[in-house]
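The chains referred to below are lettered A, B, ... by the order of the sequence lines, with proteins before strands, and numbering in each begins at 1.
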Number of protein chains: 2
Amino acid sequence: MARMPAAERRVALARAALAVADRDGVHAATTRAIVAEAGMPLSSFHYAVPSRDELLRDVVALVVEGESDAALAELLAGADDVPTVLRRTLGAYLEHVRTAPGREQAMFELTQYALRTAELADLPAAQYARYHATAEALLTAAEQHLGIRWSAPVSDLARLVVTITDGVTLGWLADRDDAAADRTLDLATAALAPFAHPAPAPVPVPSAPRTTPLEEA
Amino acid sequence: MARMPAAERRVALARAALAVADRDGVHAATTRAIVAEAGMPLSSFHYAVPSRDELLRDVVALVVEGESDAALAELLAGADDVPTVLRRTLGAYLEHVRTAPGREQAMFELTQYALRTAELADLPAAQYARYHATAEALLTAAEQHLGIRWSAPVSDLARLVVTITDGVTLGWLADRDDAAADRTLDLATAALAPFAHPAPAPVPVPSAPRTTPLEEA
DNA sequence: GGGTGTCTGGGACACTTGTCCAACTTCGCG
DNA sequence: CGCGAAGTTGGACAAGTGTCCCAGACACCC
C-alpha cells in the first residue's frame, strides 16, 4: 500500500464508505467492506479512524457538504413565473434522486441509524438543520430573482419544502412510480405557489438612490 | 413453555419483534432478542417462522393493518370548515408520532431494510399502496362530510398527503422540534385547503328524488 | 393404550462483526 | 548516520449472528 498520511486516508475511507452504502446499504458498510472498496488492508481502518461510527459521521458531512450547490444554478436559469421555477426546481431534485437512488436512500438509513446510536444522536438534528438552511437560502434567492415576497416566514416555508422533498423521495423509493411522483410535484407546486406575492414597490433607500435596482447583488 | 400452536406462536413473535424494533430499532431485532421479548427459547423461532425476514414481513402487516382506523374517527367529530378538519387530522397524526416515535421510526427502518433485501423487495410498494389507499379513503370521506369536492384527483391528493405526513415525521424524528413541526402543518393546511371546492348542487338522481340529501350514507 | 404428528428446547454449526496488538518498514530531522 | 515519529500490516480476539439438528415430551384419534 502506498504511504499516505492518516488524515488523507480518512477521507478516502469516508468516500469508500459512501460508495458501499450507496450500493449495498449502510448496514453493509462494514469495516471490511469499506477497506475492500478503498483497496486497503483492514488494519488501516483503525489507524485512520477511531471507530466505524466516527467514519459514518464523516460520510454524512461529505454528502451534506456537496448538496447545496447543485440546485442553486437551476433557479437562476430561465427566470420565469413562480410556478414554473418552483416545479423545475422540485423536478431537478427528483431527477437527482432518480439518477442516484442508493445515495439518497443511504442518507435516510444513516439518519435512522444515527437516531438509534447514542454516539451519533446529535447528527440528525445537524443534518436537517443544513437541509433547512439550504432550502431557506433557495427560497430567499427566489424572492430576489422572481421579484416576489413569500407571504409566510421563509424558514417555515423552507421546512415545508424539505418535508415535501423528503416525502416524495421516500414514496418514490418505495414504489418507483415516476408518473405518480411527478403528479405529486405538480400538486405540490400548485399548493406552494400561492405563497408567493408580488414584491412591494422596490424599496428605494432614500439616502442612496440607485439608477437601476436590477444591479443590486 | 406453555404449549402453543405454531400459527399462534408466530403472531406472538411478530408482536415481540415489533416491540423490540420499536424500542431498539429494527437492526436490534435479532432472533435472540425477539424470542427473549416473547419469553420463548430460541429454537421456537424457526419452528414457528421459516426465517427472520419472513417474520419482518408479518410485522409490517401487523402495523399497516391497525393503522387505518384510528384517524378516521377524528374526521367525523366536529364537522367544521375544511382548514380546521384538515389541520386537526394532520395534528392527530403528528400527535400519534409524538407518543410513539419508536414505532414510526421502526416503520421507516423496515421500509429501508426491505428495499435492500431481495426477498422483501416487494414489501415497500405494497406498504405504501396501503398508505395511499388509506389517505384516499380519508379524503373521499371528507368530501361527503364537509360537502366539498376536491379540485384535483383524489388519488393524487392522497399521495401528496402521505408525502407530507412522511416528511413531517422524518423531520420531527430528526430534530424533535415540536413547534416547527406544528408550523409546518399549519402551512401544509393552508397549502392544501384551496383544493377543496364547494360541492356542486347535490346531484339529485332524477328518477329517485330524496327529501333530504343529508340522510345519505 | 399405542402410535402418529405436533410441539419443546438445549446445544451446536459456520460465519461475520468491530476492534486491537505487536512486529515491521519507512520517513524526516538533527 | 541514527533515532524517534509516522505509517503498514497479518493475524487474532471475543462477541454476536441466523439457522439447524435431534432427542425428548405432550396431545389427540383410532
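One can place NE2 of A/H46 at 11 Å from C1' of C/dT17, the figure rounded to the nearest angstrom. Taking atom CE on B/M40 and atom C1' on C/dC7, their separation rounds to 12 Å, with Å as the unit. Distance B/F45 CZ to C/dC7 C1': 17 Å, rounded to the nearest Å. Computed from coordinates, the A/R32 CZ to C/dG18 C1' distance equals 7 Å when rounded to whole Å. At whole-Å resolution of the value, CD in A/E54 and P in C/dT19 are 10 Å apart. C/dT19 atom C1' lies 14 Å from atom CG of A/L55, rounded to whole Å.
Distance alone, capped at 3.5 Å, is enough to place a donor-acceptor pair between the A/E109 side chain and the A/V26 backbone. For A/H132 (side chain) and A/Y128 (main-chain N/O), a donor-acceptor pair under 3.5 Å exists by modelled atom type. A distance-only check finds a donor-acceptor pair linking the side chain of B/T169 to the backbone of B/T165 [under 3.5 Å].
Using a 4.0 Å cut-off between charged side-chain N and carboxylate O, B/R15 and B/D22 make no salt bridge. Using a cut-off of 4.0 Å between Lys/Arg side-chain N and Asp/Glu carboxylate O, B/E136 and B/R159 are scored as not salt-bridged. Ion pairing of A/D80 with A/R87 is absent here, as no side-chain N (NZ or NE/NH1/NH2) approaches a carboxylate O to less than 4.0 Å. Look at A/R88 and A/E95 and you find no salt bridge, because none of the NZ, NE, NH1 or NH2 atoms lies under 4.0 Å from a carboxylate O. Salt bridge A/D122/A/R57: present, at least one basic N to carboxylate O contact under 4.0 Å.
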Inset, instruction - Test A/V154 against A/R149 for side chain to side chain contact (heavy atoms under 4.5 Å, CB included), laying out the working first. - result: CA-CA 9 Å; A/V154 180; A/R149 213 88 319 167; over 6 Å; no
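Near DNA chain D, meaning a heavy atom under 4.0 Å away, the residues from residues 2-21 of chain A are A/A2, A/R3, A/M4, A/P5, A/A6, A/R9.
Bracketed by its first and final contacts, the part of DNA chain D lying under 4.0 Å from non-hydrogen atoms of chain A reaches from D/dA6 to D/dA12 in 5' to 3' order.
For B/S44 against C/dG9, a side-chain-to-base donor-acceptor contact under 3.5 Å is absent.
When each of B/L42 and A/T31 is assigned the nucleotide of DNA chain C with its nearest heavy atom, B/L42 is the one assigned upstream, toward the 5' end.
Counting any heavy atom pair closer than 4.0 Å across all strands shown, B/T30 reaches sugar-phosphate atoms only and no base atom.
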